[in-house]
Amino acid sequence: MTTPPNDSTQSSAPQSTPADELKAIFLTCLLDSLIALDSGVKVREDSSLMSVKISESALLKVMTLLKQDSRFDFDQLQFHTVLDWPEEQRMECLYLLNSTKKSQELLISVSVSREKPQLPSVSKLWAIAEWQEREVYDMFGITYENHPDLRRIFLDDDWQGFPLRKDYQDEFMLRKPW
Amino acid sequence: MGVTPQLSKISQQSPSVFDLHSAHKKEGPALLTSIDALVNWARSNSLWPLTFGTSCCAIEVMMAAGAAHHDLARFGAEVARPSPRQADLLVVAGTIVKKMAPRLRTLYDQMAEPKYVIATGACAISGGPFIYDSYSTVRGAHEIIPVDVYVPGCPPRPEAFFYGLLTLQKMIRDGESLRRPGVRKAPVMAALPPGITMEDLRAELIKGAKGATT
């Protein structure tokens with residue numbers, strides 16, 4: 001016996017809304033502008049957000065464009081954080097930007113090496129980045145060029161090491177017995 | 001042999017009119033026993049908690065337990081004080097980290113005697129979910145301050161907190177005397193198997209972790 005075709009699944013297939021179309025146009029326009037600055041720019045397919053990978057050297061130029069160009073107007077840095085990938089010997093820095101004028105969100109992803117992680121500071125563009133970069137420095141040990149006041153923000157000033165790295169260990173910390 | 005000098009001195013003095021245990025055994029001088037009973041009854045029914053919460057347990061213990069549905073006022077402990085000078089019950093509601101530990105100790109030291117401590121939730125008992133792989137979490141409030149009652153849960157329900165509160169009230173009623181305020185029985189935890197102490201459980205957890213590193 002064959003089951004009758006289920007109509008409900010067909011009717012609920014995703015349909016593109018005007019907002020989706022606007023987003024697609026926005027992304028195309030964005031990529032066109034970014035490729036001029038960084039030939040290695042890639043769209044991350046594994047993210048539900050609009051998300052691009054750029055190279056380390058182009059970070060400051062890309063961020064300046066996204067902040068200052070009136071087509072994009074990313075006037076808010078929502079967060080800046082890091083993923084640690086010890087097997088691949090890299091750390092992935094994430095910047096979530098928000099444009100309150102264009103109602104768009106964009107995730108910028110930059111990979112740096114684990115041995116000597118260094119990035120340009122974006123605190124000139126978004127003032128909040130100053131504290132967020134201090135937090136990242138505190139937990140992951142990434143140093144920022146041209147940061148006005150790069151010191152620890154949560155931990156004690158004489159703390160050794162960077163505790164959110166996967167391989168961090170000190171005498172206080174207990175390892176799981178399993 | 002194993003008796004400390006202070007303890008042996010106390011035992012030589014007995015039977016004394018001010019014997020520590022006479023009050024709760026109800027065998028001492030009639031006047032002092034009655035006053036002790038009255039004072040302990042009054043103290044146990046007007047525990048003023050310090051408003052101190054460091055994480056999600058605070059929502060359960062400070063807010064849900066005190067709100068109208070569960071109503072902490074039934075047990076006389078609803079007068080939450082924002083100042084340690086006016087409080088006599090410190091409810092450690094939440095995770096204690098290395099940076100918070102000195103502040104917690106200061107708050108405890110600022111409270112006037114007699115003072116009582118309830119540790120609620122897994123974090124305040126042993127570090128809870130953060131006992132392993134944490135660079136900052138203190139493994140239990142007992143490392144900072146003496147604890148009277150432990151209330152397990154993550155977080156405990158208001159009913160569990162009330163059970164801990166009633167346990168503390170019972171301890172105050174038959175544990176203390178006017179001569180020796182603050183001297184109480186050993187810490188208790190509801191629903192621990194007989195013959196097993198909190199120290200045994202903690203030692204087992206820490207020993208397991210030490211073995212894993214080597």
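Throughout, protein chains are lettered first and strands after them, A, B, ... in sequence-line order, and every chain is numbered starting at 1.
The distance from the CZ atom of A:Phe172 to the OH atom of B:Tyr135 is 11.0 Å, given to the nearest 0.5 Å. Summarising the geometry, atom CE belonging to A:Met173 is positioned 13.0 Å from atom CD1 belonging to B:Ile131; distances are rounded to the nearest 0.5 Å.
Other residues, nucleotides and ligands contribute only 12 or fewer heavy atoms inside 6.0 Å of the CD atom of A:Gln160. When the shell of 6.0 Å around CH2 of B:Trp41 is examined, it contains 12 or fewer heavy atoms from other residues, nucleotides or ligands. At most 12 heavy atoms of other shown residues, nucleotides or ligands fall within 6.0 angstrom of atom NZ in A:Lys42. Dense packing is recorded around NZ of A:Lys102, with more than 12 heavy atoms of other residues, nucleotides or ligands lying under 6.0 Å away.
Side-chain N or O atoms of B:Lys99 include one that pairs as donor or acceptor with a backbone N or O of A:Phe154 at under 3.5 Å.
Annotation: side chain of A:Leu174 is in contact with side chain of B:Arg139 (closest heavy-atom distance under 4.5 Å).
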